[in-house]
Amino acid sequence: MKNLKDKVVFITGGARGLGYAMAEKFAAEGAKIVIGDIQEALAMESAEKIQKEFGVETYAFQMDVTSVENIKAAFAKVKEHFGKLDVQVNCAGIQIRCPSKEFTEENWDKLMNVNLKGVFFCCQQAALLMGDSGGAIVNISSGTSTQTTPGRAPYVISKGGVNAMTAVLASEWAEDRNGKKAIRVNAVAPGWILTNMVQDGYRLGVVSENQILAAVPFKRLANPSEIADAVVFLGSDESSYITGQTLFVDGGWSALGMPAMDLIK
Ligand SMILES: NC(=O)c1ccc[n+]([C@@H]2O[C@H](COP(=O)([O-])OP(=O)(O)OC[C@H]3O[C@@H](n4cnc5c(N)ncnc54)[C@H](O)[C@@H]3O)[C@@H](O)[C@H]2O)c1
């Protein structure tokens with residue numbers, strides 16, 4: 001039993017792409033959905049669509065995960081609106097592709113502030129709101145966290161950091177309560193999915209479909225719903241003894257161990 005009916009699930013970056021697919025899957029299980037996204041209008045529109053399609057309560061607001069003040073305000077809204085939080089999914093993330101020799105300090109800060117600082121402080125505030133009731137946190141990493149992919153070093157570093165963060169927070173928050181109503185912290189590392197992020201890569205000519213297919217044993221990209229299935233599993237009671245893990249959902253990419261693709265140098 002997934003046991004997600006009426007659970008409150010907060011998804012950062014849930015307005016579109018993978019986050020939206022996750023929101024749909026949790027809603028299909030009867031969960032109440034909160035979407036916090038920097039794109040306010042899209043967040044509202046997406047929440048409304050989910051409410052209409054699945055008949056669950058939804059709540060959306062504008063949120064910038066690079067600001068701790070903003071994050072605290074977002075969790076205060078969730079507390080005020082629902083009085084609790086059961087599942088936190090940290091999906092907001094950005095990609096900046098650029099050879100390392102040319103990467104600027106400004107872009108480093110921009111990327112790390114979303115992909116690492118944002119995830120850490122969302123985990124912190126989620127854990128504080130979950131409190132003694134416990135809960136589940138799922139961080140969205142990337143297959144690139146271990147499948148070294150050139151031309152996007154800070155992104156790869158940030159996602160490696162998400163895997164490490166997931167393990168250390170899991171151990172801290174399991175020990176707090178000896179595993180009883182612990183806050184489980186896991187990550188999902190998606191392989192290649194045709195979302196805006198990958199379409200941008202095609203458009204910029206820094207990755208092609210053929211390169212991806214050569215590296216992925218399944219010889220196809222994932223559907224967003226296949227990533228969302230793994231996130232729902234880790235957010236539900238079906239994974240009640242799993243914590244600190246990064247689950248690779250990548251069509252065998254990491255198993256094949258094909259390292260650096262010949263992208264931009
Ligand atoms: N698409 C892929 O192939 C792929 C592969 C591996 C990992 N991922 C990861 O999955 C996650 C989602 O990726 P996606 O492909 O759906 O991307 P996307 O760009 O379609 O969606 C990202 C969402 O995050 C939001 N966002 C960006 N900056 C934000 C901020 N500062 N505060 C709040 N929200 C913000 C965006 O508005 C958007 O709705 C990211 O963490 C990404 O790194 C994607």
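These numbers were taken from a predicted model, which means no experiment stands behind them. Atoms within each ligand, like the ligands themselves, are counted from 1 in listed order.
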Give a yes or no answer on whether the side chain of [X] reaches the backbone of [Y] with a donor-acceptor pair at less than 3.5 Å.
X: Lys7; Y: Asp86; value: no
X: Asn186; Y: Ile242; value: yes
X: Gln125; Y: Lys72; value: no

Nearest neighbour in protein (non-hydrogen) for [atom]:
atom: atom 33 (C) of ligand 1; answer: Met63 O, 3.2 Å
atom: atom 40 (C) of ligand 1; answer: Cys91 O, 3.2 Å
atom: atom 2 (C) of ligand 1; answer: Ile193 CD1, 3.6 Å
atom: atom 21 (O) of ligand 1; answer: Arg16 NE, 3.7 Å
atom: atom 15 (O) of ligand 1; answer: Thr195 OG1, 2.6 Å
atom: atom 17 (O) of ligand 1; answer: Met197 CE, 4.0 Å
atom: atom 16 (O) of ligand 1; answer: Leu18 N, 2.8 Å
atom: atom 27 (C) of ligand 1; answer: Ile94 CG2, 4.0 Å

Measuring only between side-chain heavy atoms, which start at C-beta, is [X] closer than 4.5 Å to [Y]?
X: Thr146; Y: Trp253; result: no
X: Ser145; Y: Val156; result: no
X: Thr148; Y: Thr144; result: no

Give a yes-or-no answer on whether the side chains of [X] and [Y] include a donor-acceptor pair shorter than 3.5 Å.
X: Ser208; Y: Asn210; value: no
X: Ser158; Y: Asn115; value: yes
X: Asp64; Y: Asn70; value: no

Nitrogen or oxygen of [X] less than 3.5 angstrom from that of ligand 1:
X: Asp64; result: yes
X: Gly36; result: no
X: Gln39; result: yes
X: Ile38; result: yes

Is the closest heavy atom of [X] to ligand 1 under 4.0 Å?
X: Ser141; value: yes
X: Asp37; value: yes
X: Tyr155; value: yes

Residue part near ligand 1, for Val65, under 4.0 Å between non-hydrogen atoms: both
Part of Gln95 with heavy atoms under 4.0 Å of ligand 1, whether side chain, backbone, both or neither: neither
Heavy-atom proximity to atom 22 (C) of ligand 1, best of Gly19, Gly17, Gly93, Gly191: Gly93
Test of ring centre spacing under 6.0 Å for Phe61 and Phe10: yes
Atoms of ligand 1, numbered as shown, that sit under 4.0 Å from any heavy atom of Gly13: 23 (C), 24 (O), 25 (C), 39 (O)
Subset of ligand 1 atoms that lie under 4.0 Å from at least one heavy atom of Val198: 1 (N), 2 (C), 3 (O)
Ser225/Asn223 under side-chain hydrogen bond (donor to acceptor under 3.5 Å, both in side chains): CA gap, chis, key distance, verdict: CA-CA 5 Å; Ser225 71; Asn223 296 315; 5.0 Å; no
Cluster check Val162, Ile183: I/L/V/M/F/W/Y, side chain < 4.5 angstrom: yes
